[in-house]
Every structure is written in structure tokens, then in C-alpha cells.
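Worksheet: the structure to be examined is printed underneath.
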Amino acid sequence: MKPSIPKGTRDFSPEQVVKRNYIFDTIKDVFVKYGYQPIETPTMENLSTLTGKYGEEGDKLLFKVLNNGDYLAKADKEALAAQDAQKLTSSISKRGLRYDLTVPFARYVVMHQNDITFPFKRYQIQPVWRADRPQKGRYQEFYQCDVDVVGSDSLMYEAELVQIYDEVFAKLGIKVFVKVNNRKVLYGMAEAAGIADQFMTMTIAIDKLDKIGLEGVRKEMEGRGISSAAVTQIENMLQLKSLDELEKAFQQSPTGLKGIEELRQFHQYFDTKAPSNRVEFDITLARGLNYYTGCIFEVAVDTSVESQKEVVMGSIGGGGRYDDLTGVFGLKNVSGVGVSFGAARIYDVMEELNLYPEDSGNQLQILFIALDQAAHQYAFDCLNKVRAANINAELYPSPAKMKKQMKYATARNAQYTIIIGSNEMESGLLSFKNKDMRESLTLDAIIERLKL
RNA sequence: GUGGUUGUAGCUCAGUUGGUUAGAGCGCUGGAUUGUGGUUCCAGAGGUCGCCGGUUCGAGACCGGUCUUCCACCCCA
């Protein structure tokens with residue numbers, strides 16, 4: 001048979017895993033420094049935990065796991081006869097693959113509420129699955145790196161999380177543009193335009209501004225039944241750049257004013273330290289996820305920087321405040337705020353900009369090459385000694401031809417090779433070399449050299 | 001989920017309006033120089049032309065279905 005993998009999934013080869021781990025480790029180190037703790041949740045969740053949390057569209061994208069055993073015996077006969085797939089599903093599938101890390105986290109918080117102390121700061125780096133149609137940079141299986149704090153509504157955390165963005169991307173060497181907005185400000189716009197009931201429609205339209213432009217947003221809103229008078233008002237508000245101007249426009253909207261107040265407070269915390277990246281208020285930032293209730297964030301590559309102006313990539317991170325995420329699981333009044341890093345996209349950007357450090361992995365330092373069987377035995381003993389000194393080393397498995405062994409050294413990207421034949425065994429001076437140099441040294445001298 | 005697109009050797013790709021044993025470069029294996037890394041030379045292996053079916057005397061090429069890739073929509077990291 002011909003081997004294959006499911007659509008939208010990928011294999012990761014050593015070089016890719018090493019680079020990906022570099023990103024994960026960088027992110028993780030910053031999370032830990034800011035006092036966040038790791039958790040993991042199962043790959044499968046009960047479908048009852050997942051369904052209904054991501055809207056109608058999201059439910060369609062959930063991977064369902066077929067029950068084990070004779071699932072047909074317990075299937076809903078009526079639904080089966082009627083060919084009603086949706087109704088049938090609940091009787092033949094009780095589990096599904098996790099769609100994101102936020103909902104499982106909310107479930108975790110509720111289940112462990114007696115064991116954790118609030119505010120609870122956690123990070124989580126695990127893959128998630130979506131039955132979406134794949135495209136470039138868009139997969140059915142991909143990693144998310146989430147960092148959240150629940151159990152406090154302090155805007156200090158909003159500031160802290162943006163600082164984390166700032167620090168992580170500074171370490172990775174990517175200049176980014178962090179856009180900040182507040183869901184209440186968006187609501188204020190809807191309220192001020194008299195279309196509070198069509199808030200979601202407006203939000204989804206504004207979210208596409210980058211892609212379809214102001215004209216496109218107008219069309220989309222009008223096409224979905226928002227009056228042209230209201231659309232004009234919204235357009236005008238989208239032009240406003242400062243919080244002061246918006247404040248005037250929001251005189252009739254208490255929610256909008258609250259949003260302005262939250263943004264100001266965020267800045268009071270955040271402005272205490274100069275960021276390495278651009279961090280700006282952007283009223284056009286919407287984010288479709290419907291559980292956000294306060295501040296929202298999105299990170300994009302800063303294309304105004306000369307070296308990065310060619311990069312075409314959507315958002316590489318996002319997040320926000322959700323006031324009532326645990327409510328559906330029966331725990332009220334627990335506010336949370338969190339952000340996520342788009343690892344796969346960050347990987348692609350790093351690749352494009354060539355930002356990986358030369359030695360981002362534990363690369364092979366020495367490859368031993370033996371020229372005959374006696375030398376092979378001798379080399380194996382040398383191998384034990386260098387490994388005991390914590391040097392990554394390997395011995396070619398047989399005293400094959402020099403050319404073949406050298407080719408292997410090249411393929412494995414070994415830093416040095418040590419060649420051992422009868423002369424070396426007699427003198428104890430080993431031929432230690434790489435592409436540019438060649439020296440005869442004792443094993444101890446080599447170990448000393450590489451330990452530095 | 002809707003519409004479109006792609007699929008030929010391990011990789012990147014040729015393959016004329018349907019016509020004999022489907023090609024190239026790189027890579028791989030072996031050999032030439034019997035102990036020092038990309039060279040050169042010689043030889044060789046490797047393809048159910050994504051899969052299934054149809055049209056035809058004859059299909060890699062045409063038609064249908066299916067899977068996969070990428071793109072737009074939807075939505076999103």
C-alpha cells in the first residue's frame with residue numbers, strides 16, 4: 001500500500017522540530033518568568049464540553065470521535081432512518097478532539113476550582129484540531145501557545161500580557177505591531193449608531209476591514225440589514241484616532257465610555273515601560289470570537305520595518321478579556337484574560353526572515369570515523385569518553401570507505417570529525433578536523449577544546 | 001460546507017493535436033584515485049504516470065467519480 005497522512009496534517013522532520021522547539025522554548029521561558037504555570041488537558045474532550053462554545057460554524061469544524069464497540073446498536077434509529085446526520089451524531093459519538101485551548105482551560109478551572117488559588121496564571125502549549133478546509137498556513141492539526149490568567153479583572157494583566165508579547169517577539173527577533181482595542185468600544189459604536197442588536201454583524205464586518213476595505217465593510221453591513229444612516233455613523237467613528245474624540249461620540253453609550261476607561265487604565269499600567277515594538281490603539285480591530293468582552297489584542301508582523309516589508313502573513317497572535325468563560329460550566333463571576341501565539345505562522349515568518357540562530361539545536365559535535373575494525377573498537381572507546389564529557393558524538397557504524405563516512409558527516413552537519421586508523425592508535429594523536437582545519441590532538445585535548 | 005485548482009522517479013520538473021520500450025537535472029547505489037568532506041569520469045538501480053471506472057484499435061494526455069494540494073468564500077491560528 002501507499003503510505004499517506006490525513007489532509008491538513010504534516011510530518012515534522014528533525015530540523016523542523018528543532019526550530020519549532022526553539023520557538024516554544026523562547027515563549028515558555030518568558031511565560032515562566034512572568035509567573036505562569038504549565039497545564040495540559042486531554043486530546044479528547046466530551047463533546048458536551050465543546051459543542052455550542054464556538055458558534056454554529058465552530059460546531060461544524062469539530063472533529064468527532066466515533067464511539068467504540070457496536071455503536072450502531074445504540075444509534076438513534078429514528079435519526080438513522082431519517083438520514084439526519086446532526087441528530088444521529090450525539091447517539092454514536094460522545095467525544096471530540098479539542099478545538100482550542102481556552103474552552104478546555106475553562107473546563108479545567110471549573111473542575112479544579114477547589115485546588116487552585118486565584119488569580120490562576122497558566123500557560124499551555126498543545127496541538128488542536130479543526131475540520132477546516134486546509135490552505136497554506138492553515139492546517140487541520142496545529143499547535144497553540146496560550147497564556148491566560150483567570151480570577152481577576154485587573155487591567156494590570158492586560159498590560160502584563162502585552163509585555164509578554166513584546167518580550168517574546170523581541171527575543172525571537174521579529175518586529176511586530178500589537179493592535180489593542182476593547183470590545184466595549186465596539187459595542188459603544190453599535191450603541192451610538194442605534195444598532196446595538198446588530199453588534200455581532202457589525203463586528204464581523206469591521207473585522208474584515210484589512211481585507212475588503214471601507215467600501216467592502218459598508219456593503220457587508222448594508223447587505224446584512226444595517227441601515228445606511230447607521231453605517232455612515234459607524235464609518236465616521238472608524239476614522240477617529242484618539243480616545244478623547246471617541247469619548248465625545250460615546251456620550252449616549254455607557255458601555256462605550258467604560259471601554260474607553262478600560263483602555264486608559266491599560267495604558268497607565270503599560271506605559272510604565274517602553275516597549276520594543278509598536279503597541280497602538282486600533283479601533284478597527286474587531287476579532288470575531290464571540291466570548292471576548294473587554295480588551296482585545298492582535299499581533300501582526302510590522303511591515304513598516306525595512307527588513308520585513310515583504311512579509312505577507314495574517315495575524316501571528318491574538319487574545320483578549322472574557323468575563324464569563326466559566327459561566328457555562330457553572331462557575332460564575334470568574335473573569336479571565338489571555339493571549340495566544342500562532343506557532344506555525346511564527347515559524348514561517350522566522351524561516352522567511354532567516355532569524356533562527358546558527359546553533360538552535362543540539363547538533364552533532366563529533367563524528368568518529370574508523371578506518372578498520374581495530375580502529376572501530378578503539379573509536380568506540382573514545383566515543384564513551386567524549387560522551388562522558390557531555391559532548392554530542394557518534395561513531396559511523398562500520399569502518400566503511402572514507403568518502404562514504406565523510407558524506408555522512410556532511411549530511412548530519414557534524415561540527416567536527418575525528419579520523420582514527422592505525423597511525424592514530426599508535427601515537428594517540430587523533431586527526432581532528434572540519435572543512436576548514438585539520439589538527440592532530442590527543443582525545444583529552446579535544447575534549448578540553450570542546451568543553452569550552 | 002460552496003466554487004475553482006493541482007497530482008509524472010526520493011526532490012524539482014519536461015512529455016507536441018491521443019500512437020511503439022515515459023525523459024532531464026539533482027539525489028541515491030556501485031566502480032575509477034587502496035588515509036582526509038562539495039570536484040571529475042564510468043556504470044547502475046528506481047515510475048501501478050494519485051486512485052477507480054469509462055471512451056478508443058490504442059490513454060500520462062480525453063470524460064466521470066474519488067483522494068490530495070493550493071486558491072477564493074466562510075471562518076480563523
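Chain A is the first sequence line, chain B the second, and so forth, proteins listed ahead of strands; every chain is numbered from 1. Just so you know, these numbers come straight off a predicted model, no measurement behind them.
- Using cut-offs of 30° and 60° on the angle between ring planes, the pair A:Tyr356 and A:Tyr22 is perpendicular.
- Nucleotides B:rG44 and B:rU5 are separated by 39 Å at their C1' atoms, to the nearest Å.
- An OP1 or OP2 oxygen of B:rC75 is reached within less than 4.0 angstrom by a side-chain nitrogen or oxygen of A:Lys208.
- Using cut-offs of 30° and 60° for the angle between ring planes, the A:Tyr408 and A:Tyr396 rings count as perpendicular.
- The partner of B:rG1 is B:rC73, judged by Watson-Crick or G-U wobble contacts that both fall below 3.5 Å.
- B:rA77 atom C1' lies 6 Å from atom CZ of A:Arg130, rounded to whole Å.
- Counting any heavy atom pair closer than 4.0 Å across all strands shown, A:Gln135 reaches a base atom.
- For the pair A:Lys385 and A:Asp381, the salt-bridge criterion is met [side-chain N within less than 4.0 Å of a carboxylate O].
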If you restrict it to nitrogen or oxygen atoms, what contacts under 3.5 Å exist between nucleotides 3-11 of chain B and the protein, and what is each distance?
unit_1: B:rG3; atom_1: O6; unit_2: A:Arg133; atom_2: NH1; d: 2.9

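- Shown here, B:rC62 forms a base pair with B:rG54; the pair counts as Watson-Crick or G-U wobble because both key distances fall under 3.5 Å.
- Among the heavy atoms of the strands lying under 4.0 Å from A:Gly8 are primed sugar atoms or P, OP1, OP2 only; no base atom is included.
- A:Arg130 forms a cation-pi arrangement with A:Tyr99, by the criterion of a distance under 6.0 Å to the ring centre and an angle within 45° of the ring axis.
- The CD1-P distance, from A:Ile27 to B:rA77, rounds to 15 Å in whole Å.
- A cation-pi arrangement is present between A:Arg278 and A:Phe177, with the terminal nitrogen or guanidinium carbon under 6.0 Å from the aromatic centre and inside a 45° cone about the axis.
- One finds a side-chain N or O of A:Lys7 lying less than 4.0 angstrom from the OP1 or OP2 phosphate oxygen of B:rU68.
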Enumerate all atom pairs, one protein N or O and one N or O from nucleotides 37-41 of chain B, separated by less than 3.5 Å.
unit_1: B:rG37; atom_1: N7; unit_2: A:Lys433; atom_2: NZ; d: 2.8
unit_1: B:rG37; atom_1: N2; unit_2: A:Ala409; atom_2: O; d: 3.4
unit_1: B:rG37; atom_1: N2; unit_2: A:Thr410; atom_2: N; d: 2.6
unit_1: B:rG37; atom_1: N2; unit_2: A:Thr410; atom_2: OG1; d: 2.3
unit_1: B:rG37; atom_1: N3; unit_2: A:Thr410; atom_2: OG1; d: 2.7
unit_1: B:rG38; atom_1: O6; unit_2: A:Lys435; atom_2: NZ; d: 2.6
unit_1: B:rG38; atom_1: N1; unit_2: A:Lys435; atom_2: NZ; d: 3.1

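- Sorted by first and then second residue, the salt bridge (Lys or Arg N to Asp or Glu O under 4.0 Å) pairs with a member in residues 137-148 of chain A read A:Arg122-A:Asp148, A:Asp132-A:Arg138; sequence neighbours excluded.
- Between A:Trp129 atom CH2 and B:rC76 atom C1' the separation is 17 Å, expressed in whole Å.
- Residues passing the side-chain hydrogen bond (donor to acceptor under 3.5 Å, both in side chains) test with A:Thr326: none are found, sequence neighbours excluded.
- Across the P atoms, B:rU6 and B:rA14 are found 12 Å apart, a figure rounded to whole Å.
- Note: A:Phe120 and A:Tyr108 have parallel aromatic rings, judged against thresholds of 30 and 60 degrees for the angle between ring planes.
- When heavy atoms are screened at a 4.0 angstrom cut-off, A:Asp100 is found touching no nucleic acid atom at all.
- For B:rG10 and B:rC67, the P atoms lie 25 Å apart once the distance is rounded to whole Å.
- In this structure, A:Ile204 atom CD1 and B:rC73 atom P are separated by 15 Å, rounded to whole Å.
- Out of B:rA77, B:rU36, B:rC75, the shortest distance to the side chain of A:Phe142 is found at B:rA77.
- Between A:Lys401 and the phosphate of B:rU36, there is no side-chain N or O to OP1/OP2 separation shorter than 4.0 Å.
- In this structure, the ring of A:Phe341 has its center less than 6.0 angstrom from the ring center of A:Phe31.
- Within the nucleic acid shown, A:Ser315 comes within 4.0 Å of sugar-phosphate atoms alone, with no base atom in reach, counting heavy atoms only.
- Legend: residues meeting salt bridge (charged side-chain N to carboxylate O under 4.0 Å, His left out) with A:Lys53, ordered by chain and number and at least two apart, are absent.
- Pair assignment for B:rG35 gives none, since no Watson-Crick or G-U wobble pairing has each distance under 3.5 Å.
- Using a cut-off of 4.0 Å between Lys/Arg side-chain N and Asp/Glu carboxylate O, A:Arg321 and A:Glu262 are scored as not salt-bridged.
- A donor atom on one side chain and an acceptor atom on the other are not found under 3.5 Å apart for A:Asp323 and A:Tyr292.
- Along RNA chain B, the nucleotide closest to A:Thr9 and the one closest to A:Tyr99 are compared, and the more 5′ of them pairs with A:Thr9.
- A:Tyr416 and A:Glu439 form no side-chain donor-acceptor contact under 3.5 Å, judged by distance and modelled atom types alone.
- Taking atom CG of residue A:Asp132 and atom C1' of nucleotide B:rU2, one finds them 13 Å apart after rounding to whole Å.
- Between A:Ile212 and A:Ile316, the residue anchored nearer the 5' end of RNA chain B, judged by the nucleotide with its closest heavy atom, is A:Ile212.
- For RNA chain B, the residues of residues 337-349 of chain A within the heavy-atom distance limit of 4.0 Å (strictly under) are A:Gly342, A:Arg345, sorted by number.
- A 3.5 Å limit on both hydrogen-bonding distances identifies B:rC11 as the Watson-Crick or G-U partner of B:rG25.
- Rounded to whole Å, the distance from CZ on A:Arg138 to P on B:rA72 is 9 Å.
- Look at the C1' atom in both B:rU56 and B:rG3: the space between them is 32 Å, to the nearest Å.
- The distance between atom OH of A:Tyr143 and atom C1' of B:rC76, rounded to the nearest whole Å, is 20 Å.
- For B:rC42 and B:rU33, the C1' atoms lie 13 Å apart once the distance is rounded to whole Å.
- B:rA43 and B:rC26: their P atoms are spaced 14 Å apart (whole Å).
- Comparing B:rG30, B:rU36, B:rG35 by their closest approach to the side chain of A:Ser422 singles out B:rG35.
- Taking atom P on both nucleotides, B:rA59 is separated from B:rU21 by 11 Å, rounded to a whole Å.
- Between the CD1 atom of A:Ile5 and the C1' atom of B:rG50 there is a distance of 15 Å, rounded to whole Å.
- With A:Asn434 contributing its side chain and A:Met437 its backbone, the two residues share a donor-acceptor pair below 3.5 Å.
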